[in-house]
Amino acid sequence: MCSLNSLDKEHIKNCACGNLRKTTRTITQFYDKILQPTGLRSTQCLLLLDIYLNENISVCDLGDILLMDQSTVTRNIQLLKKNGYINIKKEEKDCRKKSISITDKGIKIIEVATPLWNEAQNKIENGIGKVRFEELLKSLKDIEVLVK
(Lines give C-alpha, C1' and ligand atoms only; values in the text may rest on other atoms or scores of the structure.)
Protein backbone atom coordinates (compact mmCIF):
# COMPACT_ATOMS: atom_id res chain seq x y z
CA MET A 1 0.00 0.00 0.00
CA CYS A 2 1.30 3.45 -0.92
CA SER A 3 1.47 5.98 1.85
CA LEU A 4 1.32 9.64 0.96
CA ASN A 5 2.81 10.40 4.36
CA SER A 6 6.12 8.97 3.12
CA LEU A 7 6.41 11.68 0.46
CA ASP A 8 9.05 14.28 1.22
CA LYS A 9 7.30 17.61 0.56
CA GLU A 10 10.56 19.57 0.26
CA HIS A 11 11.88 17.05 -2.24
CA ILE A 12 8.73 17.52 -4.33
CA LYS A 13 8.98 21.34 -4.12
CA ASN A 14 12.59 21.09 -5.35
CA CYS A 15 11.78 18.74 -8.25
CA ALA A 16 13.96 19.65 -11.24
CA CYS A 17 11.25 18.68 -13.73
CA GLY A 18 8.45 20.67 -12.11
CA ASN A 19 10.55 23.77 -11.53
CA LEU A 20 12.04 23.75 -15.02
CA ARG A 21 8.61 23.31 -16.59
CA LYS A 22 7.20 26.25 -14.61
CA THR A 23 10.15 28.42 -15.56
CA THR A 24 10.03 27.47 -19.23
CA ARG A 25 6.29 28.22 -19.37
CA THR A 26 6.93 31.63 -17.80
CA ILE A 27 9.79 32.41 -20.18
CA THR A 28 7.78 31.21 -23.17
CA GLN A 29 4.88 33.48 -22.20
CA PHE A 30 7.31 36.39 -21.75
CA TYR A 31 8.86 35.91 -25.22
CA ASP A 32 5.43 35.32 -26.80
CA LYS A 33 4.20 38.64 -25.42
CA ILE A 34 7.22 40.53 -26.72
CA LEU A 35 6.96 38.83 -30.14
CA GLN A 36 3.22 39.56 -30.49
CA PRO A 37 3.71 42.33 -33.11
CA THR A 38 5.28 39.75 -35.46
CA GLY A 39 2.47 37.22 -35.16
CA LEU A 40 5.06 34.58 -34.26
CA ARG A 41 5.09 32.58 -31.07
CA SER A 42 8.46 32.01 -29.46
CA THR A 43 8.45 28.35 -30.51
CA GLN A 44 7.83 29.31 -34.14
CA CYS A 45 10.51 32.00 -34.00
CA LEU A 46 13.08 29.55 -32.62
CA LEU A 47 12.19 26.99 -35.26
CA LEU A 48 12.47 29.60 -38.02
CA LEU A 49 15.85 30.74 -36.68
CA ASP A 50 17.14 27.15 -36.65
CA ILE A 51 15.99 26.72 -40.25
CA TYR A 52 17.65 30.01 -41.20
CA LEU A 53 20.93 28.96 -39.55
CA ASN A 54 20.81 25.50 -41.18
CA GLU A 55 19.65 26.23 -44.73
CA ASN A 56 18.20 23.21 -46.58
CA ILE A 57 18.15 21.13 -43.42
CA SER A 58 16.32 17.83 -43.37
CA VAL A 59 13.37 17.31 -41.05
CA CYS A 60 15.36 14.55 -39.35
CA ASP A 61 18.43 16.76 -38.77
CA LEU A 62 16.24 19.59 -37.49
CA GLY A 63 14.67 17.14 -35.06
CA ASP A 64 18.15 16.14 -33.85
CA ILE A 65 19.08 19.79 -33.22
CA LEU A 66 15.81 20.46 -31.37
CA LEU A 67 15.73 17.10 -29.58
CA MET A 68 12.31 16.42 -31.16
CA ASP A 69 11.04 13.44 -33.11
CA GLN A 70 10.39 13.80 -36.83
CA SER A 71 6.58 13.80 -36.54
CA THR A 72 6.68 16.62 -33.96
CA VAL A 73 9.01 18.69 -36.16
CA THR A 74 6.75 18.08 -39.16
CA ARG A 75 3.67 19.29 -37.24
CA ASN A 76 5.51 22.38 -36.03
CA ILE A 77 6.83 23.41 -39.43
CA GLN A 78 3.45 23.16 -41.14
CA LEU A 79 2.30 26.53 -39.78
CA LEU A 80 5.52 28.17 -40.93
CA LYS A 81 4.94 26.69 -44.39
CA LYS A 82 1.28 27.77 -44.38
CA ASN A 83 2.37 31.35 -43.61
CA GLY A 84 4.92 31.29 -46.43
CA TYR A 85 7.99 31.50 -44.18
CA ILE A 86 9.57 28.23 -45.34
CA ASN A 87 9.63 25.83 -48.25
CA ILE A 88 9.59 22.08 -47.83
CA LYS A 89 10.74 19.91 -50.71
CA LYS A 90 11.73 16.31 -51.22
CA GLU A 91 15.46 15.77 -51.28
CA GLU A 92 16.89 14.82 -54.67
CA LYS A 93 19.04 11.96 -53.34
CA ASP A 94 16.28 10.36 -51.26
CA CYS A 95 12.67 11.27 -52.08
CA ARG A 96 11.56 9.92 -48.67
CA LYS A 97 13.41 12.79 -46.96
CA LYS A 98 12.32 16.39 -46.92
CA SER A 99 14.51 19.48 -46.99
CA ILE A 100 13.47 22.77 -45.38
CA SER A 101 14.59 26.21 -46.51
CA ILE A 102 13.61 29.71 -45.52
CA THR A 103 11.78 32.03 -47.93
CA ASP A 104 12.29 35.75 -48.44
CA LYS A 105 9.12 36.30 -46.38
CA GLY A 106 10.67 34.16 -43.63
CA ILE A 107 13.84 36.24 -43.66
CA LYS A 108 11.79 39.44 -43.44
CA ILE A 109 9.85 38.20 -40.39
CA ILE A 110 13.13 37.21 -38.71
CA GLU A 111 14.43 40.72 -39.35
CA VAL A 112 11.35 42.12 -37.58
CA ALA A 113 11.50 39.56 -34.76
CA THR A 114 15.23 39.78 -34.00
CA PRO A 115 15.21 43.18 -32.21
CA LEU A 116 12.22 42.06 -30.14
CA TRP A 117 13.92 38.74 -29.35
CA ASN A 118 17.07 40.62 -28.32
CA GLU A 119 14.98 42.85 -26.05
CA ALA A 120 13.60 39.81 -24.23
CA GLN A 121 16.98 38.12 -24.08
CA ASN A 122 18.70 41.24 -22.73
CA LYS A 123 16.07 41.69 -20.03
CA ILE A 124 16.75 38.20 -18.73
CA GLU A 125 20.54 38.37 -19.08
CA ASN A 126 20.78 41.82 -17.48
CA GLY A 127 18.22 40.94 -14.84
CA ILE A 128 20.24 38.09 -13.36
CA GLY A 129 23.64 39.26 -14.58
CA LYS A 130 25.79 37.91 -17.39
CA VAL A 131 27.86 35.61 -15.17
CA ARG A 132 24.80 33.97 -13.57
CA PHE A 133 23.18 33.67 -16.98
CA GLU A 134 26.24 31.90 -18.42
CA GLU A 135 26.30 29.62 -15.36
CA LEU A 136 22.61 28.86 -15.90
CA LEU A 137 23.22 27.87 -19.52
CA LYS A 138 26.13 25.67 -18.49
CA SER A 139 24.04 24.01 -15.77
CA LEU A 140 21.19 23.37 -18.19
CA LYS A 141 23.60 21.80 -20.71
CA ASP A 142 25.16 19.68 -17.96
CA ILE A 143 21.70 18.42 -16.92
CA GLU A 144 20.81 17.66 -20.56
CA VAL A 145 23.97 15.56 -20.96
CA LEU A 146 23.47 13.87 -17.58
CA VAL A 147 19.96 12.62 -18.30
CA LYS A 148 20.44 11.53 -21.93
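Sequence positions, counted from 1, serve as the residue numbers for this chain. Model, not experiment: these values are computed from the prediction.
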Considering only distance and modelled atom types, tabulate donor-acceptor pairs under 3.5 Å from the side chains of residues 55-64, sequence neighbours left out.
unit_1 : atom_1 : unit_2 : atom_2 : d
Ser58  : OG     : Asp61  : N      : 2.9
Ser58  : OG     : Asp61  : OD2    : 3.3

**Study point:** Euclidean distance, Cys45 SG relative to Ile34 CD1, rounded to 0.5 Å
**Key:** 11.5 Å
Check your understanding: Which residues pass the side chain to side chain donor-acceptor pair (under 3.5 Å) test with Arg41, sequence neighbours left out?
Key ->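 Here the qualifying residues are Asp32.
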Check your understanding: What pairs of residues pass the salt bridge (charged side-chain N to carboxylate O under 4.0 Å, His left out) test when at least one of them lies in residues 132-148, not counting sequence neighbours?
Key ->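 As it turns out, the salt bridge (charged side-chain N to carboxylate O under 4.0 Å, His left out) pairs with a partner in residues 132-148, which skip direct neighbours, are Lys138-Asp142, Lys141-Glu144, Glu144-Lys148.
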What side-chain donor-acceptor pairs closer than 3.5 Å can you find for residues 73-81, not counting sequence neighbours?
unit_1 : atom_1 : unit_2 : atom_2 : d
Thr74  : OG1    : Gln70  : O      : 2.9
Arg75  : NH2    : Thr72  : OG1    : 3.4
Asn76  : ND2    : Thr72  : O      : 2.7

Please output the side-chain donor-acceptor pairs of residues 100-110 that fall under 3.5 Å, not counting sequence neighbours, one pair per line with the distance.
unit_1 : atom_1 : unit_2 : atom_2 : d
Thr103 : OG1    : Gly84  : O      : 2.5
Thr103 : OG1    : Tyr85  : O      : 3.1
Thr103 : OG1    : Lys105 : N      : 3.4
Thr103 : OG1    : Gly106 : N      : 3.0
Lys105 : NZ     : Asn83  : O      : 2.9

Any side-chain heavy atom of [X] sitting closer than 4.5 Å to one from [Y]?
| X | Y | answer |
| --- | --- | --- |
| Thr43 | Leu47 | no |
| Trp117 | Leu46 | yes |
| Glu125 | Gln121 | yes |

Check your understanding: So which heavy atom on Leu35 is nearest to which on Ser42, and how close?
Key ->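 Reported closest heavy-atom pair: CD1-CA, 3.7 Å.
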Exercise for review: State, to 0.1 Å, how close Leu40 and Gln44 come at their nearest heavy-atom pair, and which atoms those are.
Suggested key: CA-OE1, 3.5 Å
Point to revise | Phe133 atom CZ: more than 12 heavy-atom contacts under 6.0 Å | key: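 Buried by this count: over 12 neighbours within 6.0 Å.
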Exercise for review: Sequence neighbours left out, what passes side-chain contact (heavy atoms from CB on, under 4.5 Å) with Lys123? Give chain and number order.
Suggested key: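 In terms of side-chain contact (heavy atoms from CB on, under 4.5 Å), with neighbours along the sequence ignored, Lys123 is linked to Phe30.
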